[in-house]
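Written below as structure tokens is the structure these notes are about.
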Amino acid sequence: MKKEPVFLIDAYGLIYRAYFAFIRNPLRTRDGRNTSAIFGFFKMLFRFIREYSPVYCGIILDSKTPTFREQIFAQYKATRQKTPEDLHAQIPLIEDILAEMGFSCVRLDGYEADDIMGTLSVRAEEAGHDCYVVSSDKDLAQLVTRGVRIIRMEKDNFRLMDSDAVKEKWGVSPEQIIDYLALVGDVSDNIPGVEGIGEKGAARLLSLYRDMDDIYAHLDEMSPSIEKKLSQGKERAYLSRELATIKTDVDIDVGIEDLKIGKGRPDRVEALFESHELKSLILDYRELFGVSSGTDKADKETASLISNEEDVRGSYVSVISGVEFDTLCEKIKSVSLLALDTETDSADPFSANIVGISFAFSPGDAYYLPIVSPDTDCLDNSFVLAGLRKAFSSCDALIIGQNIKFDLHVLRRWGLDLSGPFFDTMVAAWVLDAESGNFGMDFLAERYLGWKTLHYTDVVEKGSDFSSVPLDIATSYAAEDADVTFRLYEVLEKELLKEGLVDIFYDIEMPILKLLTDMESRGIRLDADSLRKFSVELDEKLKDIEKTIYACAGHEFNINSTKQLQIVLFEERGLTPTKKTKTGYSTDISVLEELAGIDELPRLILEYRSLFKLKNTYVDVLPSLINPVTGRIHTWYGQTGTATGRISSKDPNLQNIPIKTEEGRRIREAFVPDDGFVFISADYSQIELVILAHLSQDQGLCRSFIDGEDVHRATASLLFSVPVEEVSVEQRRIAKSINFGVMYGMSAFRLARELGIPRKDAADFISAYFEKYSGIKAFIEKVIREAEEQGYSQTIMGRRRRIPYINSKNKTQKMAAERMAVNTAIQGSGADIIKKAMIEIEKLLKEKGLSARMLLQVHDELVFEVPEEECDVTMRAIKSCMESVVKLSVPLRVNVESGKNWGQMH
DNA sequence: ACTAACTCGTAC
DNA sequence: GACGTACGAGTTAGTT
């Protein structure tokens with residue numbers, strides 16, 4: 001009869017894996033001890049036992065003292081991070097539990113677990129047992145023979161690997177693994193390997209030659225570069241081989257019979273699990289080891305504790321019967337607050353299909369309504385849709401959601417329209433603290449509720465989606481989201497009130513949310529054919545320039561690699577670098593422009609770059625983003641994407657479509673209105689400078705706007721003391737640079753570079769500017785002072801942004817913070833104004849019965865699609881609406897134009 | 001193979 | 001070090 005197999009478990013491998021699996025969300029006892037490693041280790045061990053029912057099973061540990069490998073090579077594992085203290089503390093606890101369970105733990109000073117496993121595997125095989133080494137370390141593959149195999153932990157599965165599997169995975173046989181490792185090296189163990197030989201190269205060499213000696217005996221057959229690498233790395237290769245070789249003859253006093261799992265002491269095991277507050281492991285343990293429960297009392301306590309845990313989760317209801325659904329609908333109709341969250345099969349709001357909807361009506365009272373489920377019959381979809389439609393139409397609750405714009409799209413495409421009012425917890429958190437940059441629900445739950453949520457990745461397998469999550473898990477995840485959203489609402493609502501941000505939130509951001517949803521779902525039409533033609537033209541031009549560049553450089557290279565370009569420009573051609581980056585010399589546009597006068601190549605690179613950018617960022621991408629259902633492009637407007645209050649746009653970003661160059665403008669021209677419609681574009685004239693004038697009340701700046709002058713010309717006139725009509729083109733250019741520079745806190749260094757003048761001259765311009773515009777100087781100082789005192793910068797409508805480093809002792813940080821403070825006051829006010837205008841325009845259009853559709857917002861510009869016959873009246877309405885949305889002490893002017901494409905206007 | 005950091009370039 | 005706010009393409013170096 002065949003002998004029972006012997007299993008050897010690499011304990012540290014499992015322990016590390018368990019600990020880091022929970023690293024973002026560690027398990028802790030009530031008094032704060034980390035128990036992630038204990039929990040994860042035994043979960044995995046139990047799963048292993050369930051699958052393999054081992055009789056012989058040794059738990060093998062690494063030496064606590066340095067091993068012989070460190071003696072050979074001091075750098076061995078030198079780059080490893082030190083074991084975290086809270087992990088280290090769990091190891092003896094794990095050993096204790098294992099001992100009480102009846103497992104033998106084996107370790108030996110001076111040797112790694114690998115060496116012990118190697119030795120015991122040989123002994124097991126000799127004694128006629130099959131042997132399995134449980135580890136995910138690829139080094140162990142060298143132990144594989146006919147009788148020895150390895151079991152790798154992959155995600156949640158165990159994968160058995162024999163000789164063929166090793167060959168398939170690494171391309172070499174188990175006997176060659178040592179040589180393979182010696183050539184490739186190992187980053188985590190800090191084994192050097194041969195420099196320049198990677199996995200591919202090593203596998204190829206070992207398919208041609210038996211082993212390393214064989215390789216070195218035939219160096220003359222190699223290509224020159226491989227030969228060079230090998231001969232230079234010979235010493236390291238042989239050292240690496242020694243390090244990678246697992247010992248199979250360690251002098252250790254352990255026999256196979258010692259590995260037999262002994263009789264455990266269940267009461268002690270359970271007490272230990274209990275002391276670590278890991279009750280679910282007790283159940284697993286009892287089930288696996290067939291332990292009859294201990295005393296009645298302990299049993300009852302445990303059972304009640306476990307059911308308590310389940311009570312919290314179990315109160316989330318899966319809605320799968322008609323009666324439950326009816327009850328849910330009744331609730332929707334009668335409540336005044338309702339949190340909802342949709343689950344979908346994709347993160348893209350314009351293609352995602354609905355998988356389920358969760359609702360919460362008060363803290364803890366949450367429901368999950370599955371639409372699609374892998375393991376449960378759902379209610380008829382059209383029945384559910386009809387029922388929800390009816391319920392929502394007679395619902396007047398405040399609808400609460402996290403990133404609810406997404407849900408609105410999904411529901412709308414499913415056939416369910418919600419009209420609000422809305423409360424978006426993500427937007428609320430952003431209004432409260434835009435600087436934090438994180439508005440994800442998991443983060444907010446932790447920050448505002450101290451609640452650790454189930455994470456999406458805990459529930460959905462990688463590469464899969466929510467439609468394949470079993471109902472009970474889907475319910476605990478989805479209903480928790482709705483529950484947490486509801487609870488966040490309660491906290492955030494109070495915070496908004498306390499911080500005086502209620503108006504911004506309810507009067508601006510929530511109406512904007514609705515508006516953005518409409519703009520996004522309308523989308524915009526694109527003339528894809530014209531772009532495809534353009535793409536071909538660009539491709540030809542690029543190929544030409546590429547050839548010219550190679551000819552000019554004398555060889556081919558990757559033009560897109562700044563690293564290679566640096567070599568070509570600054571080494572081969574001997575050009576002088578004019579600017580540095582963190583990693584080397586800059587090759588950006590300003591540098592190339594300077595060099596273009598001296599050398600031909602930089603000019604070619606400039607042209608190449610601009611065309612390459614156009615083609616790969618816009619021309620080829622935009623047509624691919626046309627939605628097959630609507631035939632239009634649907635951008636995603638980010639309402640929480642900026643720290644200043646602006647809106648952002650992505651997939652595609654329609655806020656950075658080229659306009660400055662003739663070639664770039666062709667892309668704008670590809671944006672066209674629907675048949676029978678024209679575009680209207682309305683943009684604020686110099687809005688940020690107007691705001692600066694208003695906020696600073698600077699006399700000179702206000703004057704030029706009141707008189708309706710060209711501001712840059714007026715600035716030049718003041719700066720150079722010449723009459724307005726005598727300002728030269730050059731003078732206006734300088735004035736324009738300074739006008740913008742001031743709002744961004746530009747330095748003399750930068751201005752000098754931009755204008756190509758000495759730094760001293762630039763500094764003189766700036767000080768002359770502030771002398772003439774003394775009100776601006778005072779304004780900047782005031783904004784900075786307020787930020788220093790309050791910790792935040794404020795806009796015209798009371799929106800705030802925290803300025804973290806405004807009181808920093810570090811001068812660079814401090815100055816950067818000052819620039820942020822000043823710019824936020826201006827840029828953020830601009831954002832406030834156009835947002836308010838958008839809301840007013842939408843209202844006015846509705847009142848007047850005009851059918852114009854707002855499509856795009858580009859910070860100071862709005863683009864509409866209007867029926868041709870309504871064009872003129874709509875243009876007038878929009879203009880007057882935008883100009884009168886705020887009362888400033890200087891006129892706020894708007895240019896309106898109409899056109900048959902986006903590029904035609906301006 | 002995937003990810004993060006870096007550089008560059010487009011817009012306002 | 002040196003100009004604010006975004007998004008995104010491509011390269012490179014580091015990690016699985």
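All values below were derived from every heavy atom in this structure, side-chain atoms included, with hydrogens, water molecules and symmetry-related copies excluded.
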(request) Respond yes when some side-chain nitrogen or oxygen of A/Lys580 is under 4.0 Å from OP1 or OP2 of C/dA2, and no when none is. (result) no
(message) Check this for me: does any side-chain nitrogen of one of A/Glu520 and A/Lys405 sit under 4.0 Å from a carboxylate oxygen of the other?
(response) yes
(request) Describe the nucleic acid contact of A/Phe740 in one word from base, sugar-phosphate, nothing, applying a heavy-atom distance below 4.0 Å. (result) nothing
(request) Find which nucleotide of DNA chain C each of A/Arg801 and A/Phe749 is nearest to by heavy atoms, and output the residue with the more 5' nucleotide. (result) A/Phe749
(message) Salt bridge check, A/Glu594 against A/Arg753: does any charged N sit closer than 4.0 Å to a carboxylate O?
(response) yes
(request) To the nearest Å, give me how far apart CG (A/Leu542) and P (C/dG10) are. (result) 12 Å
(message) In whole Å, I'd like the distance from the CG atom of A/Asp137 to the P atom of C/dT16.
(response) 13 Å
(message) Given C/dG8, C/dA2, B/dT3, identify the nucleotide with an atom nearest to the side chain of A/Lys650.
(response) C/dG8
(message) Under 4.0 Å, heavy atoms only, any strand: does A/Gly741 hit a base, just the sugar-phosphate, or nothing?
(response) nothing
(message) Students often get this wrong, so: under 4.0 angstrom with heavy atoms, is A/Met746 touching a base, only sugar-phosphate, or nothing?
(response) base
(message) Which residue is it: A/Leu611, A/Ile605, A/Leu606? I am looking for the one with a side chain to side chain contact (heavy atoms under 4.5 Å, CB included) to A/Arg609.
(response) A/Ile605
(request) Under a 3.5 Å limit for both distances, which nucleotide forms a Watson-Crick or G-U wobble pair with B/dT7, could you say? (result) C/dA9
(request) Answer with base, sugar-phosphate or nothing: what part of the nucleic acid does A/Ala643 contact at a heavy-atom distance below 4.0 Å? (result) sugar-phosphate
(message) Expressed as a whole number of angstroms, how long is the span from A/Asn810:CG to C/dA2:P?
(response) 11 Å
(message) Suppose you measure atom P in C/dA2 against the same atom in B/dC8; what distance do you get, rounded to whole Å?
(response) 14 Å
(request) Looking at every strand, decide which applies to A/Lys811 at a 4.0 Å heavy-atom threshold: base, sugar-phosphate, or nothing. (result) nothing
(message) Between B/dA5 and C/dC3, how many Å separate the two P atoms, rounded to a whole number?
(response) 24 Å
(message) Quick check for you: to the nearest 0.5 Å, what is the distance between A/Leu755 atom CG and A/Asp761 atom CG?
(response) 10.0 Å
(request) Could you label the plane-to-plane angle of the A/Phe570 and A/Tyr585 rings as parallel, tilted or perpendicular, counting under 30° as parallel and over 60° as perpendicular? (result) perpendicular
(request) Assign a letter to each nucleotide of nucleotides 6-12 of chain B from its 5' end: B, base within under 4.0 Å of a protein heavy atom; S, sugar-phosphate only; -, no contact. (result) SSSBBSB
(message) Assess whether a salt bridge exists between A/Glu537 and A/Lys541, defined as any Lys/Arg side-chain N lying under 4.0 Å from an Asp/Glu carboxylate O.
(response) no
(message) Regarding A/Lys811 and A/Glu818, does a basic nitrogen lie under 4.0 Å from an acidic carboxylate oxygen?
(response) no
(message) From NZ of A/Lys736 over to C1' of C/dC3, roughly how many Å is that when rounded to an integer?
(response) 16 Å
(message) Classify the ring geometry of A/Phe612 against A/Tyr608: parallel below 30°, tilted from 30° to 60°, perpendicular beyond 60°.
(response) parallel
(message) Within residues 689-696 of chain A, which residues have any heavy atom lying less than 4.0 Å from an atom of DNA chain C?
(response) none
(request) In whole angstrom, give the distance that lies between atom CD1 of A/Ile687 and atom P of C/dT5. (result) 18 Å
(message) Against the six-membered ring of A/Tyr792, is A/Arg801 placed for a cation-pi contact (under 6.0 Å from the centre, within 45° of the normal)?
(response) no
(message) Just the rounded figure in Å: distance from P of C/dC3 to CD of A/Glu754.
(response) 10 Å
(request) Indicate yes or no: does A/Lys836 engage A/Asp832 in a salt bridge with an N to O separation below 4.0 Å. (result) no
(message) Rounded to whole Å, how long is the line connecting atom NZ of A/Lys814 with atom C1' of C/dG1?
(response) 17 Å
(request) Report the distance from atom CG of A/Asn560 to atom C1' of C/dG8, rounded to the nearest whole Å. (result) 14 Å
